[in-house]
Protein chains: 2
Amino acid sequence: MSPRREPVSRRERPAKPALSRDGVVGLAFRIMREEGLERVTMRRLASELDTGPASLYVYVRNTAELHGALLDELLAELFVESETLGAPADWRDRLIDLLSRFAELLFGYPSLARSLLVLMPHGPRYLRLVDTVLGLLLEGGASPRAAAWGVDVLVAHAVATAAEHGTRDESVTGADEFDTLATVAASASASDYPHLDRVRDELFSGTGGERMRWSFEVLLRGIESAP
Amino acid sequence: MSPRREPVSRRERPAKPALSRDGVVGLAFRIMREEGLERVTMRRLASELDTGPASLYVYVRNTAELHGALLDELLAELFVESETLGAPADWRDRLIDLLSRFAELLFGYPSLARSLLVLMPHGPRYLRLVDTVLGLLLEGGASPRAAAWGVDVLVAHAVATAAEHGTRDESVTGADEFDTLATVAASASASDYPHLDRVRDELFSGTGGERMRWSFEVLLRGIESAP
DNA sequence: ACCTGAACACCGTTCAAGT
DNA sequence: ACCTGAACACCGTTCAAGT
């Protein structure tokens with residue numbers, strides 16, 4: 001409250017902030033948002049924090065652990081404004097809505113999604129997500145086993161879809177025409193690949209959102225009727 | 001057959017082979033088999049071929065394209081000895097068998113699976129796999145749309161599972177106890193995560209094979225009854 | 001035309017040494 | 001105890017220059 005609590009620092013740099021785990025993760029999150037996960041490197045973080053890369057290893061174990069922290073940061077957005085809709089929807093709708101929002105979040109950060117596939121996250125917000133999905137499956141009458149095994153499949157599906165189709169330039173592969181299955185499938189001969197030929201039109205029909213919803217519904221229907 | 005067809009070469013090196021795309025891919029495949037995909041680097045390939053890394057770019061566009069070629073090489077094993085079993089099984093069994101063998105193949109090369117998630121492969125053997133899966137789904141009475149959208153989900157599920165749980169040391173993450181969800185879930189408080197607590201035992205029940213089969217069955221059941 | 005040495009622009013992680 | 005300079009051991013890709 002009191003004005004000019006401190007004299008203006010003698011240097012132009014706005015007072016080098018003390019290093020801390022939160023500081024490192026926060027900076028990493030900002031860079032991920034603004035430039036994508038590939039720009040979040042130990043060296044980049046270090047140089048932005050005016051230190052050497054070795055210093056970061058005091059606060060994070062390694063890159064994988066840092067990515068885990070970034071996921072949990074991202075998942076914070078999943079649990080704000082949860083109850084905006086008036087009518088308390090059907091468990092199935094709530095579940096598909098939750099999973100879709102989770103997937104949507106990851107779609108913005110496909111590299112993070114790819115990292116998660118090998119990471120096995122375990123932050124509190126991730127556990128919250130798993131617990132909520134489990135609760136909805138059980139509410140829908142799934143057996144404990146079907147719920148437990150099902151939550152894995154559902155979450156993994158969301159992550160994998162984001163890793164595959166996530167939007168953001170990145171352009172790991174040169175975005176020439178070489179890379180689209182559409183062109184390959186289009187030129188695949190009907191005699192070599194008769195079934196592919198038969199469903200050709202449907203292979204690339206629908207929007208990403210439609211297919212995502214469809215696949216969650218398929219998964220759910222299967223899990224419900226599983227032993 | 002004839003003895004000593006060639007004089008012993010003057011040098012000890014067994015006559016530097018001429019570079020070719022097949023030579024590069026073949027060497028890459030051998031290194032992947034023996035040491036894992038992480039060891040397959042442009043620099044490693046080049047040094048093994050007694051040249052500089054730049055030379056490889058005459059034969060492969062980039063690393064992603066090389067990985068695509070490695071997948072197609074690997075898939076060759078999927079189509080040998082297809083008809084070993086006597087009885088022509090149910091379409092559902094044949095489909096699950098095919099997908100399981102595909103997944104099993106990838107389980108040995110989790111890094112390749114991770115690469116595929118972003119690659120969109122399109123080699124002839126991959127198209128063969130897709131076409132065969134499509135055929136079986138259609139045989140089972142799936143609509144063209146359900147088959148087309150379903151094949152995507154099925155194949156992606158196999159790839160993602162391999163990327164996640166694939167075996168091979170690799171140890172991207174230090175294999176300390178820190179990394180298992182089991183320990184985290186075990187210590188997750190029942191009051192914070194009640195549903196997780198309720199199904200705790202089932203979360204880690206079953207073998208990888210059982211859960212894989214279960215998930216394919218779940219997916220299939222869902223796809224069958226999809227519009 | 002085909003090939004490549006050398007450079008460009010980076011990585012993650014460790015460890016001995018400083019304060 | 002906490003921190004870090006410098007090193008270790010690498011990457012993929014490009015391009016000017018050679019044959």
Side-chain angles (χ1 to χ4, degrees), chain A residues 13 15-25 27-28 31-32 35-70 111-112 114-119 169-176 178-179, chain B residues 13 15-25 27-28 31-32 34-70 111-112 114-116 118-119 169-176 178-179:
Chain A
R13 268 223 170 254
K16 178 180 174 180
L19 261 56
S20 69
R21 184 179 159 92
D22 281 357
V24 172
V25 173
L27 174 61
I31 296 177
M32 181 175 82
E35 305 176 42
L37 186 69
E38 14 298 303
R39 298 270 186 233
V40 180
T41 68
M42 294 301 199
R43 282 163 189 275
R44 168 72 186 277
L45 291 170
S47 92
E48 206 118 327
L49 291 167
D50 278 322
T51 184
S55 307
L56 303 177
Y57 288 80
V58 178
Y59 306 105
V60 294
R61 181 181 302 237
N62 53 33
T63 312
E65 202 230 19
L66 177 61
H67 290 180
L70 290 176
S111 305
L112 184 62
R114 283 191 279 281
S115 207
L116 297 185
L117 275 175
V118 67
L119 191 67
D169 29 31
E170 287 187 353
S171 63
V172 176
T173 320
D176 333 66
F178 125 92
D179 140 74
Chain B
R13 268 224 171 253
K16 178 180 173 180
L19 260 58
S20 70
R21 184 182 160 92
D22 281 357
V24 171
V25 173
L27 173 61
I31 297 177
M32 180 176 83
E34 292 171 5
E35 305 175 41
L37 186 69
E38 12 300 301
R39 297 269 187 234
V40 180
T41 68
M42 293 301 198
R43 283 162 188 275
R44 167 73 185 276
L45 291 171
S47 91
E48 205 118 327
L49 292 167
D50 278 324
T51 183
S55 307
L56 303 177
Y57 288 80
V58 178
Y59 306 104
V60 293
R61 182 182 302 237
N62 53 33
T63 311
E65 203 231 19
L66 177 62
H67 289 181
L70 290 175
S111 305
L112 184 62
R114 282 192 279 281
S115 206
L116 297 184
V118 66
L119 190 67
D169 28 33
E170 287 188 353
S171 63
V172 175
T173 320
D176 333 65
F178 126 91
D179 140 74

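Just so it is clear, the model here is predicted, and its values are computed rather than measured. Proteins get letters first, then strands, A, B, ... in listed order; numbering begins at 1 in each. Computation of the quantities below employed the complete heavy-atom set of this structure, encompassing side-chain atoms and omitting hydrogens, waters and symmetry-equivalent molecules.
Atom CZ in B/Arg43 sits roughly 10 Å away from atom C1' in C/dC10 (whole-Å rounding). Atom CZ in B/Arg61 sits about 14 Å away from atom C1' in D/dT13, given to the nearest Å. Regarding B/Leu19, its CG atom lies at a distance of 16 Å from the C1' atom of D/dT19, rounded to whole Å. Remark: C1' of D/dT14 and CE of B/Met42 are 13 Å apart, rounded to the nearest angstrom. At whole-Å resolution of the value, CD in A/Glu65 and P in C/dG12 are 15 Å apart. In this structure, CG of A/Leu45 is placed 12 Å from P of C/dT13, rounded to the nearest angstrom. When the P atom of D/dC11 is taken as reference, atom CZ of B/Arg44 falls 9 Å away, rounded to whole Å. When the P atom of D/dG12 is taken as reference, atom CG of B/Asn62 falls 11 Å away, rounded to whole Å.
Considering only side-chain N and O atoms, A/Ser55 lies nowhere under 4.0 angstrom from the phosphate OP1 or OP2 of D/dC3. The phosphate of C/dC3 (OP1 or OP2) has a side-chain N or O of B/Tyr59 nearer than 4.0 angstrom.
With a cut-off of 3.5 Å on both pairing distances, D/dA9 has no Watson-Crick or G-U wobble partner at all. Taking a pair to require two hydrogen-bonding distances under 3.5 Å in either a Watson-Crick or a G-U wobble arrangement, D/dA1 pairs with C/dT19.
No donor-acceptor pair under 3.5 Å is formed between the side chain of A/Glu35 and the backbone N or O of A/Ile31.
Here the side chains of A/Leu19 and A/Val58 are not in contact, with every heavy-atom distance at 4.5 Å or above. Put simply, the side chain of B/Thr63 does not reach to within 4.5 Å of the side chain of B/Val40, judged on heavy atoms. Side-chain atoms of A/Arg44 and A/Arg39, non-hydrogen and from C-beta on, do get closer than 4.5 Å to each other.
Contact check on A/Glu65 versus A/Arg21 returns a salt bridge, with a Lys/Arg side-chain nitrogen under 4.0 Å from an Asp/Glu carboxylate oxygen.
Nearest-nucleotide assignment on DNA chain D puts the 5′-proximal partner with A/Val58, out of B/Pro53 and A/Val58.
Nucleotides D/dA6 and D/dC10 have their C1' atoms positioned 16 Å apart, rounded to a whole Å. Nucleotides C/dA9 and D/dA9 place their P atoms 25 Å apart, quoted to the nearest Å.
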